[in-house]
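Excluded from the calculations below are hydrogen atoms, water molecules and symmetry mates; all remaining heavy atoms, backbone and side chain alike, are included.
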Amino acid sequence: METKSENRCYGGTQGVYSHASDSTNCDMTFGLYLPEEAQHGPVPVLIYLSGLTCTHENAMTKAGAQVWCAEQGIAICFPDTSPRGEDVANDDGFDMGHAASFYLDATEAPWARHYQMESYITKELTKVLGENFNIDTDRMAITGHSMGGHGALTLALKHPDLYRSVSAFSPICHPTASEWGHRQFKGYLGEDKGVWADHDATMLAQSKGFDGPILIDQGTADQFYDKLGTADFAAACAAQKLDATVRLQKGYDHSYFFISTFMEDHVAFAAEALWA
C-alpha cells in the first residue's frame with residue numbers, strides 16, 4: 001500500500017492510495033474519503049464507480065460527495081475504472097480498454113490477464129479497505145455513474161450479500177440491447193450472448209432481483225438517453241416488485257453538474273441503509 005496523497009477535508013481525510021493487485025495483475029489506485037468518525041472506530045463505506053473515460057480522480061474532485069459523507073459519518077471510496085499500465089491491453093476507442101472495463105471479469109484474450117474488475121471491486125478492494133483502514137466492510141453500499149452505474153447495479157444484483165443498497169446516476173441499464181454493450185461484451189466475454197446476460201442490469205433484475213433499496217436518477221436532457229435503457233430497467237423492477245425508485249430529472253444531462261446536484265440524495269439514501 002502506497003499513500004499518494006492525504007488532505008484534510010470536512011473534518012476528515014481525503015486520501016489517494018495505490019497497491020499491487022492480484023486480481024488485475026497491475027497496480028491499482030483508489031481515492032478514499034474517511035470522515036472524522038473513522039478516527040474513533042470503523043465506519044460504513046459507499047463505493048462509487050465512475051464512468052467511461054474517468055479515473056479515480058473525476059468523481060473525487062467533481063461530484064461533491066465528501067461534504068455529505070462527512071454529515072452522514074460514512075466513508076466513500078473511488079476506485080479506478082480499469083486496470084492500467086504499458087502492458088495492459090487497450091483499445092483506440094473511448095468505450096473499451098483503459099477507463100472502460102465495464103466492471104466485469106473478462107474471459108477473452110488479450111483482456112483476461114488484467115481485466116478482472118468484478119473480482120477486484122467485490123473481493124480484493126473490499127479486503128484492502130477492511131485490512132488497511134477503519135472501514136466496516138459488513139456495511140457497504142454501492143453507487144455509480146453511466147458505465148459505473150452499470151457496474152453498481154450489476155455488482156449489487158450479483159452480490160446482494162455485499163451491498164445494503166444500490167443507486168446510480170444515468171446508468172447503462174440494458175447493455176445487451178444497446179450499442180454501449182455489444183462491442184464491449186463481445187470483446188471481453190466472447191460471442192455467447194447467454195454469458196452477456198449476467199452483466200445486464202435489466203436482465204439481472206428479472207432473474208435475480210435485489211432485497212435492498214434501489215435508487216436511479218436519470219436526466220431527461222441526457223445526450224445519451226437512448227443508449228441507457230432506463231425504461232427497460234424500471235419495467236423489470238416493477239414486474240419483479242423490487243424496492244426501486246426511478247426518478248426522471250427534467251432538463252438535466254449526463255454531466256458532473258447533474259451528479260453533484262443529486263449527490264446529497266444518494267449519500268443520504270446509502271447512509272439510511274448502512275446505519276439501519
Side-chain angles (χ1 to χ4, degrees), residues 21-26 28 49-53 79-84 87-126 142 144-163 166 168 170-210 214 216 224 226-237 239-240 242:
S21 168
D22 293 330
S23 301
T24 64
N25 293 298
C26 65
M28 295 296 293
L49 304 183
S50 289
L52 292 168
T53 76
D80 203 348
T81 51
S82 78
R84 297 177 192 270
D87 63 337
V88 175
N90 198 14
D91 186 89
D92 291 336
F94 76 95
D95 58 352
M96 196 167 178
H98 293 185
S101 71
F102 274 70
Y103 299 101
L104 50 74
D105 285 351
T107 57
E108 301 298 300
W111 311 103
R113 171 168 165 72
H114 297 287
Y115 285 73
Q116 302 296 309
M117 287 296 288
E118 179 176 344
S119 292
Y120 175 71
I121 297 295
T122 61
K123 298 176 182 178
E124 188 171 9
L125 181 62
T126 300
I142 193 165
H145 170 233
S146 195
M147 179 193 71
H150 146 81
L153 292 173
T154 57
L155 297 185
L157 290 162
K158 292 177 71 177
H159 304 276
D161 293 342
L162 276 181
Y163 305 109
V166 58
S170 52
I172 302 172
C173 293
H174 200 1
T176 62
S178 167
E179 65 181 85
W180 276 1
H182 279 214
R183 187 173 95 91
Q184 296 83 0
F185 285 0
K186 182 178 178 181
Y188 291 142
L189 302 170
E191 300 278 358
D192 185 354
K193 293 185 179 180
V195 175
W196 298 6
D198 208 29
H199 302 277
D200 184 304
T202 296
M203 300 178 80
L204 287 168
Q206 293 169 341
S207 63
K208 293 183 179 294
F210 185 68
I214 302 169
I216 305 294
F224 306 113
D226 293 340
K227 302 179 189 294
L228 300 177
T230 309
D232 295 337
F233 183 74
C237 289
Q240 297 302 317
L242 303 185

Of all the heavy-atom pairs spanning Ser101 and Ser82, show the shortest one and how long it is. CB-CB, 3.8 Å
Evaluate side-chain contact (heavy atoms from CB on, under 4.5 Å) for Gln240 paired with Phe210, printing each intermediate quantity in order. CA-CA 10 Å; Gln240 297 302 317; Phe210 185 68; over 6 Å; no
Could you tell me which non-hydrogen atom of Ala112 sits nearest to which non-hydrogen atom of Gln116, and how far apart they are? O-NE2, 2.9 Å
side-chain contact (heavy atoms from CB on, under 4.5 Å) between Tyr188 and Val195, worked out: CA-CA 11 Å; Tyr188 291 142; Val195 175; over 6 Å; no
Can you name the nearest heavy-atom pair linking Asp192 to Gly194, along with the distance? OD1-N, 2.9 Å
Check whether any side-chain heavy atom of His145 sits under 4.5 Å from a side-chain heavy atom of Ser170, and report yes or no. yes
His174/Met203 under side-chain contact (heavy atoms from CB on, under 4.5 Å): CA gap, chis, key distance, verdict: CA-CA 8 Å; His174 200 1; Met203 300 178 80; 4.2 Å; yes
To the nearest 0.5 Å, what is the distance between NE2 (His159) and OG1 (Thr154)? 8.0 Å
Validation row: Lys208, Asp198 side chains within 4.5 angstrom (heavy atoms): yes
Any side-chain heavy atom of Leu189 sitting closer than 4.5 Å to one from Trp111? no
Ionic contact status for Arg183 with Asp91, cut-off 4.0 Å: yes
With heavy-atom distances below 4.5 Å as the criterion, would you say the side chains of Tyr103 and Thr122 are in contact? no
When you compare the side chains of Asp232 and Thr202, does any donor N or O come within less than 3.5 Å of an acceptor on the partner? no
Nearest-0.5 Å distance that lies between atom CH2 in Trp180 and atom CG in Leu52: 6.0 Å
Measure the shortest side-chain to side-chain distance between Asn25 and Pro83 over non-hydrogen atoms and say whether it is less than 4.5 angstrom. no
Minimal heavy-atom distance between Ser146 and Gly51, with the atoms involved, is CB-CA, 4.5 Å
For side-chain contact (heavy atoms from CB on, under 4.5 Å), just list the numbers for Leu49 and Thr81, CA-CA rounded to whole Å, side-chain angles, deciding distance to a tenth of an Å, and then say yes or no. CA-CA 7 Å; Leu49 304 183; Thr81 51; over 6 Å; no
So CD1 of Ile214 and CG of Leu153: to nearest 0.5 Å the spacing works out to 7.0 Å
Knowing that exactly one of Glu108, Glu191, Lys193 qualifies, which makes a side chain to side chain contact (heavy atoms under 4.5 Å, CB included) with Lys186? Glu191
Find the distance between NE2 (His114) and OG (Ser21) and round it off to the nearest 0.5 Å. 10.5 Å
dist Met147:CE -> Leu228:CG (nearest 0.5 Å) comes out at 13.0 Å
Looking only at heavy atoms, what is the nearest atom pair of Asp200 and Cys173, with distance? OD1-O, 3.5 Å
Looking at CD1 of Ile172 and CD of Gln184, how far apart are the two atoms once the value is rounded to the nearest 0.5 Å? 7.5 Å
Do the ring centers of Phe102 and His150 come within less than 6.0 Å of each other? yes
Taking every heavy atom of Glu118 against every heavy atom of Asp105, the minimum-distance pair comes out as N-OD1, 3.1 Å
Minimum side-chain heavy-atom gap Ser119-Glu124 below 4.5 Å: no
Any donor-acceptor pair under 3.5 Å from Tyr163 side chain to Leu155 backbone: no
Is any side-chain heavy atom of Trp196 closer than 4.5 Å to a side-chain heavy atom of His182? yes
